[in-house]
> 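Supplied in structure tokens, the structure appears directly below.
Proteins come first, then strands; the chains are lettered A, B, ... in the order of their sequence lines, and each starts at number 1. Remember, predicted model here, so these are calculated numbers, not experimental data.
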Amino acid sequence: MLARATPKTSDTEFTTGIVWFRRDLRSFDHAALYHALKTCRQVHCVFVFDKEILDHLPRADRRVEFIQASVVELDAALRALQPSAGLVTLHAVAAQAIPALAKTLHAQAVFASHDDEPQALARDAVVRGALAHMGVALRTYKDHVIFERKEVLTQQGKPYGVFTPYKNAWLKKLDDFYLKSYPVAAYATHLAPCERQPVPSLQDLGFETTNLASLKLPAGASGGQQLVEEFFERIEHYHATRDFPGIKGPSYLGVHLRFGTVSIRQLAAMAYPLHLQGFQGASVWLSELVWRDFYVQILSNFPHVAQGAFKPEYDQIAWQHGKPAKALFEAWCQGQTGYPLVDAAMAQINQTGYMHNRLRMVVASFLVKDLGLDWRWGEAYFAEHLNDFDLASNNGGWQWASSSGCDAQPYFRIFNPTSQSEKFDPEGKFIRRYLPQLAKLSNAAIHAPWTAKPMELQAAEVVLGKTYPQPIVAHDAARTRTLLRYAVVKKPHALPDA
DNA sequence: GTGCGATTAAG
DNA sequence: TTAATCGCA
């Protein structure tokens, strides 16, 4: 077979293009970078430390430090691909800086990855408009999920609102094409020369150093790769270990998925064959990746969830408010609720920016259904403190816990913080790590110190109300109040099962 | 001959 | 996902 009209190899559409990196801080298996290199003779790479985002963050923010370190590594990785190349880094308002850079460089196109968070969509619309005004194209590509937007739909062409059928359709649609990686290295000669300039330091950006270095959270694509390798050593146990915060069960890849220092295709491509081979751990973990796609898709198709309940009737609920509510919230934030598992979990997020997934559900349930506080308060707290904060997943998780979401837990299902503790931290290993003041309590008493005999408290050097708080609410009473509070959403025939 | 939805191919 | 091609009205 001869001259099969060789498609695109020499058909560079543009002389100059820009790849605008955002939440995709890697130089391999990268959709936008691939397409840019393929269609432009010269490709400039840029990252903007966006003042529009950074100015609203606390001055000590582990994520900024993680991003800064990852950007340094990305710059080096680009130079490793092509010695004359590199990353242009700016500290500016991205919506203005990108069009300005396109003008300076005489670029005809800008390439970037999809970001379907409402603020990112708004920013990209502004950029698209400004670029169009100059005759410059903005081309964006799916990169951070396997399936997005309207790729997985029901038979009726509607987005899924229930996870299990979504997952079935997701798995059915999956094939090796969607897991294939985008080869970048082969086109590295199209990377444009870049004057070597240092990436702004954390101090240049106006931020303080955090304790990130002391946490076991290696940044950059190399850090991501390291965690991937470590996790796949234990993935076959994932289903059995993932619910126990005292055990190293999870992948800890959330933050790398958030900033694109790992490739979702690579992860899914590694887990999928193990799933097919029947490794339960891999199947359960793959499901977690599907949950991530699910919530990204929910946010994209139902953007109102960023403001209010997925199920509108849940916006009728009257939450606790005023000064007492603020005090309860403050106690929750500070890990001063008197429920050890809740408090240990809050200590974990406050000290590390990470919280075990099981505990995210426990503290969320506690905030909403024991304290009677608006789930958005908790959502906002997580948004500020979680290293791996992702609007879609965080919102999905909080709406799940508050029962207001799609496929959420029923409103009358209320976690008992003590039995969760007994079940998932039976030896109090996790509690003792984060609440050393309770370390000497017995396994029987550590989940609910207020039930311990005075003798035991004394022997363990615990003084309730002094070294450790009394419970700020009684769970049983709170449970009753919550059922009343949620009565406004009750469907005429729905009967509570408990 | 045209046009648009469906299908298929491509990292 | 995007891009190209197909196929039937």
> For A/His35 and C/dT1, give me the distance from atom NE2 to atom C1', rounded to whole Å.
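These atoms are roughly 8 Å apart.
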
> Evaluate the ring planes of A/Trp285 and A/Tyr238, with Trp represented by its six-membered ring, and classify them as parallel (under 30°), tilted (30 to 60°) or perpendicular (over 60°).
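A/Trp285 vs A/Tyr238 ring planes: perpendicular.
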
> Could you tell me how far apart A/Leu179 (CG) and B/dA10 (P) are, to the nearest whole angstrom?
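One finds 17 Å between P of B/dA10 and CG of A/Leu179, rounded.
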
> Do you see a donor-acceptor pair shorter than 3.5 Å between the side chains of A/Asn395 and A/Glu379?
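Judged by distance alone, the side chains do pair up.
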
> Mind calculating the distance between CD1 (A/Ile264) and P (C/dT1) to the nearest angstrom?
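The answer, rounded to whole Å, is 16 Å.
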
> For A/Lys38 and C/dA4, give me the distance from atom NZ to atom C1', rounded to whole Å.
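About 14 Å, once rounded to whole Å.
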
> Atom CG of A/Asp29 to atom P of B/dA10: distance rounded to whole Å?
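Value for this atom pair: 18 Å.
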
> Take atom NZ of A/Lys180 and atom C1' of B/dT8, then tell me their distance rounded to the nearest Å.
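Those two atoms, NZ and C1', are 13 Å apart.
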
> Base, sugar-phosphate, or nothing: which does A/Tyr178 touch, judged by heavy atoms less than 4.0 Å apart?
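Touches a base.
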
> Whole Å only: how far is the OH atom of A/Tyr182 from the C1' atom of B/dA9?
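After rounding, the gap between these two atoms is 13 Å.
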
> Hey, does A/Glu148 reach any base, or is it just sugar-phosphate, or nothing, if we go heavy atoms under 4.0 Å?
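Result for A/Glu148 = sugar-phosphate.
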
> A/Lys173 NZ to B/dA9 C1': how many Å, rounded?
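To the nearest whole Å, that distance equals 14 Å.
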
> Given A/His35, which partner from the list A/Tyr141, A/Phe111, A/Tyr187 fulfils the ring-ring contact (aromatic ring centres under 6.0 Å, His included) test?
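Only one of A/Tyr141, A/Phe111, A/Tyr187 forms a ring-ring contact (aromatic ring centres under 6.0 Å, His included) with A/His35, namely A/Tyr141.
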
> Are the side chains of A/Met346 and A/Trp332 in touch, meaning some heavy atoms are under 4.5 Å apart?
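A side-chain contact under 4.5 Å exists here.
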
